[in-house]
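Structure, as structure tokens:
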Amino acid sequence: MRPNPPKLSPEERARASAAGVAARRDRSSMKEAVAEGRLTLFEAINDPRESIQRMKVIDLLNSVPGVASIRAQAIMERAGISISRRIGGLGKLQLSALRNEFLLNKEDTPRGALIVMSGPGGVGKSTITSLLRDHPSFWVSISATTRAPRASERDGIDYFFVDDEKFDQMISSDEFLEWAEFAGNRYGTPRTPVENWRNMGKHVVLEIEIAGARQIRNHEKEALLVFISPPSWEELEARLSSRGTDSPERKAARLALAREEMAAATEFDHNLVNSKVEEVAAQLLSLALAHRN
Ligand code: 5GP
């Protein structure tokens, strides 16, 4: 409780409460516009309305497509912004740190590349994407899926976990850049964040299975298709067999699927051998830089 709450007349109180309602409305429509990609983070920050300037930076960051709360906190930490900071209280250095995070420091930031990464199960794609997630030049797309979350997975970070009805609705409103069925579940890449992050100069990485990669190849002529291969078939077999407590039938099915996936390698623009994840990440960066338009 504040020690001396201001004494307000009933009229003043009514005015203050109406102003509070209006401010909340401004803030929630701003968050919606940012979340839907109609406004960029920096357009929001530059909005002079008091209601927006008094908004918490973390609330706005959380609305940026693909940022999600854990990432928003990491961005705030790197930019030296305290969690309670409001937009109007951002200092010059903090603003420029934020711009660096979103690669918006140059007016002429070139559009980022669209990289599709596929490869057989067990090849280490998720280790590569987790390395790329922390790399400032990349943004790893977050797919929607009808699969149930695994114990370690978080909604909005690893996937957007949706039910069949929501997935159907996303298909019919053309929200997917591609989607496919895999092992009894559906997976799709939401289109808007991919566009937004590329426009902000990030190289966008889609870690998807082969049918989705083929759709991208057919519809997005400028996409860069990268296949990740194991150092050898024996190595992949060993990695797959050491996974969990699968029955012999399940192991055989995984191997058969991996063999099928390996056969698609020739359809890709580049084939990178995953001997060391750091090397693959460096190769992806140089491919993206050479390729972006
Ligand atoms: P998991 O269920 O193991 O996370 O993923 C199964 C497969 O779905 C993996 O091969 C993964 O690359 C793929 N996948 C994940 N997200 C998408 C997506 O948005 N589209 C497509 N086509 N495949 C995806």
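In each ligand, atom 1 is the first atom listed, and ligand 1 is the first ligand listed.
- In this structure, atom 23 (N) of ligand 1 lies nearest to the protein heavy atom Glu209 N, 3.2 Å.
- Using 4.0 Å as the threshold, Lys125 has a heavy atom nearer than that to some atom of ligand 1.
- Closest to atom 3 (O) of ligand 1, if we only count protein heavy atoms, is Arg150 NH2, 3.0 Å.
- With ligand atoms numbered from 1 in the order given, ligand 1 contributes 12 (O), 14 (N), 17 (C), 18 (C), 19 (O), 20 (N), 21 (C), 22 (N), 23 (N), 24 (C) to contacts under 4.0 Å with heavy atoms of Ile208.
- In this structure, the side chain of Glu235 does not engage the main chain of Ser232 through any donor-acceptor pair within 3.5 Å.
- Protein heavy atom nearest atom 19 (O) of ligand 1, with residue, atom name and distance: Ser143 OG, 2.6 Å.
- Of all atoms in ligand 1, numbered sequentially from 1 with element shown, those under 4.0 Å from a heavy atom of Arg147 are 1 (P), 2 (O), 4 (O).
- Interface of Gly212 with ligand 1, defined as ligand atoms under 4.0 Å from a residue heavy atom, comprises 22 (N).
- In terms of polar-atom proximity, defined here as any N/O pair under 3.5 Å, Tyr159 does make such a contact with ligand 1.
- Note: Trp197 and Trp139 have parallel aromatic rings, judged against thresholds of 30 and 60 degrees for the angle between ring planes.
- Between the side chains of Ser229 and Asn271, at least one donor N or O sits under 3.5 Å from an acceptor N or O.
- Judged by distance alone, with hydrogens and angles left aside, the side-chain atoms of Gln215 form no donor-acceptor pair with the main-chain N or O of Ile210 at under 3.5 Å.
- Salt-bridge check for Asp59 with Arg27: failed, with every basic side-chain N at 4.0 Å or more from each acidic carboxylate O.
- At a heavy-atom distance under 4.0 Å, atoms from both the backbone and the side chain of Tyr187 approach ligand 1.
- Pairing each heavy atom of Phe268 with each of Ala213, the nearest pair is CZ-CB, 3.8 Å.
- On a distance-only criterion, Ala144 and ligand 1 share no N/O pair closer than 3.5 Å.
- Among protein heavy atoms, the minimum distance from atom 20 (N) of ligand 1 is reached at Glu178 OE2, 2.7 Å.
- A salt bridge between Arg147 and Asp158 is absent, with no side-chain N of the basic residue lying under 4.0 Å from a carboxylate O of the acidic one.
- Among protein heavy atoms, atom 11 (C) of ligand 1 sits closest to Glu207 OE2, 3.4 Å.
- Remark: ligand 1 atoms within the under-4.0 Å shell around heavy atoms of Ala180 are 22 (N).
- Salt bridge status for Asp269 with Arg217: absent, with no side-chain N to carboxylate O gap under 4.0 Å.
- Using a non-hydrogen distance threshold of 4.0 Å, Ala211 does not register as a contact of ligand 1.
- For an aromatic pair to be called close, the ring centres must be under 6.0 Å apart, and Phe167 with Phe160 fails this.
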